[in-house]
Amino acid sequence: MITRPLRPADLAAALVVRNAVEEADALPIRTPIDELEEELTDEGVSWADDTRGVFDGEACVAYAWTRLPPGATEDGWNVHVHVAVHPDRTKQGHGRALLEWAEARGIARLASLGTDRPCRLTTFLNDTQSRAGRMLTRAGFAIERYYDELTVTLGDRPSVGAAEGVVLTAWDADVSEAARRVKNSAFEDHWGSVATPATSWKRMVGSPRFQPEMSTLAWDGDDLVGVVITNLYPEDWPVVGREESFIHIVAVLASHRGRGIAKAMIDRALTASAAAGLTHTTLGVDTANPTGAHALYTGLGFVPTARNAGWAKPVHPAA
């Protein structure tokens with residue numbers, strides 16, 4: 001049994017662990033290899049320094065990574081940590097050892113910033129992941145936030161009126177940078193949000209999962225004021241038992257909130273999803289979202305289908 005940094009050639013072996021955890025914990029997803037690769041090649045992750053895998057011969061039995069986002073949130077700096085242990089190899093100390101490594105690496109990264117702002121280690125778990133939750137609790141993590149996944153049946157929706165004075169269009173690649181700025185501005189008052197860098201945005205809208213016709217732009221004259229980004233994750237459909245689109249981003253500039261723009265943009269995305277032959281649409285929302293998004297979505301017919309928790313541990317890195 002050896003522990004070492006992951007390498008690109010280890011992706012398939014690590015994916016076996018990820019998918020096994022998703023199945024054992026009844027998660028509503030099945031991560032494909034390209035998505036795992038995106039996680040491990042993010043600009044905030046170094047293969048050599050920010051990943052570890054536990055190997056029994058050629059088989060990966062557990063892995064972990066840490067990621068430093070490109071900026072601080074309104075509450076300070078976070079390092080995201082992720083630990084996965086194959087369900088057949090639990091109770092062998094791998095999870096605890098990898099979490100200890102991830103904590104030490106995260107604290108070192110935060111110390112390198114030389115910041116005097118609050119620092120935390122963060123991670124996310126689905127409500128079904130009780131074993132991992134107990135491990136985090138023992139390590140000093142606590143739940144800070146809940147995020148609901150909400151789903152609507154596309155053939156059974158209330159009618160939505162137009163947003164007065166606003167024109168809705170499908171995605172236009174020529175205004176991609178303007179859409180990124182709208183998203184970043186709109187999310188400034190969202191808990192835990194960090195501005196999306198241009199490189200990450202380009203990768204997102206260049207992904208085969210991104211659906212331009214199911215995405216929406218909102219215009220007030222010549223000004224872009226809102227954006228909805230919609231993706232497809234067909235590898236999840238057999239798991240959840242429905243063919244659905246996933247609304248990844250709903251953003252409206254603060255200056256234009258309260259005019260029904262988000263509702264109208266979502267309605268257009270749902271109509272486009274239905275026209276593509278899909279039966280449902282899902283999105284995620286912070287249950288304490290300050291804009292009232294949870295009530296907006298349930299008013300459109302969305303109902304809860306899953307819940308995730310944001311966990312955090314305050315740390316005090318020495319500069």
Side-chain angles (χ1 to χ4, degrees), residues 1-70 78-110 112 121-126 128-129 131-133 135-136 139 141 197 199-200 202-204 206-210 231-236 238-239 308 311:
M1 198 85 66
I2 63 169
T3 300
R4 59 166 174 79
L6 293 173
R7 305 162 184 156
D10 297 323
L11 274 172
L15 184 66
V16 170
V17 176
R18 170 71 70 89
N19 289 162
V21 170
E22 291 166 345
E23 182 175 2
D25 289 344
L27 302 187
I29 58 172
R30 289 297 182 271
T31 301
I33 195 165
D34 63 317
E35 193 171 325
L36 179 59
E37 183 177 21
E38 285 181 12
E39 290 180 10
L40 297 175
T41 56
D42 186 271
E43 59 187 292
V45 178
S46 159
W47 286 93
D49 299 324
D50 298 316
T51 73
R52 288 295 183 272
V54 180
F55 290 84
D56 186 355
E58 296 296 316
C60 181
V61 301
Y63 72 87
W65 53 254
T66 69
R67 175 180 177 267
L68 178 67
N78 298 333
V79 166
H80 301 310
V81 303
H82 177 80
V83 176
V85 180
H86 195 286
D88 293 342
R89 305 301 289 265
T90 59
K91 299 183 179 180
Q92 297 177 11
H94 303 309
R96 182 174 63 254
L98 286 174
L99 183 58
E100 289 173 356
W101 167 82
E103 287 194 41
R105 173 58 182 160
I107 290 171
R109 298 202 74 181
L110 292 165
S112 71
L121 305 175
T122 61
T123 192
F124 291 89
L125 291 179
N126 188 278
T128 63
Q129 297 181 279
R131 182 189 298 274
M135 181 179 73
L136 290 176
F141 286 75
T199 51
S200 299
K202 288 177 181 177
R203 181 161 66 174
M204 180 186 69
S207 166
R209 291 185 286 275
F210 173 59
N231 292 342
L232 292 184
Y233 299 95
E235 58 276 357
D236 297 342
V239 181
N308 299 295
W311 294 70

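- A salt bridge does not link D49 with R109: every distance from a Lys NZ or Arg NE/NH1/NH2 to an Asp or Glu carboxylate oxygen is 4.0 Å or more.
- Between Q92 and H86, the closest side-chain pair of non-hydrogen atoms is not below 4.5 Å.
- Note that CG of N126 is 8.0 Å distant from CD1 of I29, once rounded to the nearest 0.5 Å.
- The neighbour count for R4 CZ, taken as heavy atoms of other residues, nucleotides or ligands under 6.0 Å away, is above 12.
- Within a 6.0 Å sphere centred on CD of E23, other residues, nucleotides and ligands contribute 12 heavy atoms or fewer.
- Between H82 and W65, the ring-plane angle classifies as parallel under the 30° and 60° cut-offs.
- Note that CG of L98 is 10.5 Å distant from OG1 of T51, once rounded to the nearest 0.5 Å.
- For A139, the side chain to side chain contact (heavy atoms under 4.5 Å, CB included) criterion is met by L99, E103, F141, not counting sequence neighbours.
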field: From CA spacing to verdict: side-chain hydrogen bond (donor to acceptor under 3.5 Å, both in side chains), E22, N19
entry: CA-CA 5 Å; E22 291 166 345; N19 289 162; 2.9 Å; yes
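- Under 4.0 Å is where a charged nitrogen must lie from a carboxylate oxygen, and between D34 and R209 at least one such pair does.
- The pair R67-D50 fails the salt-bridge criterion, with no side-chain N (NZ, NE, NH1 or NH2) lying under 4.0 Å from an Asp/Glu carboxylate O.
- Considering CD of E35 and OG of S207, their distance stands at 8.5 Å, rounded to 0.5 Å.
- Side-chain atoms of R18 and Y63 form a donor-acceptor pair, as typed in the model, at a separation below 3.5 Å.
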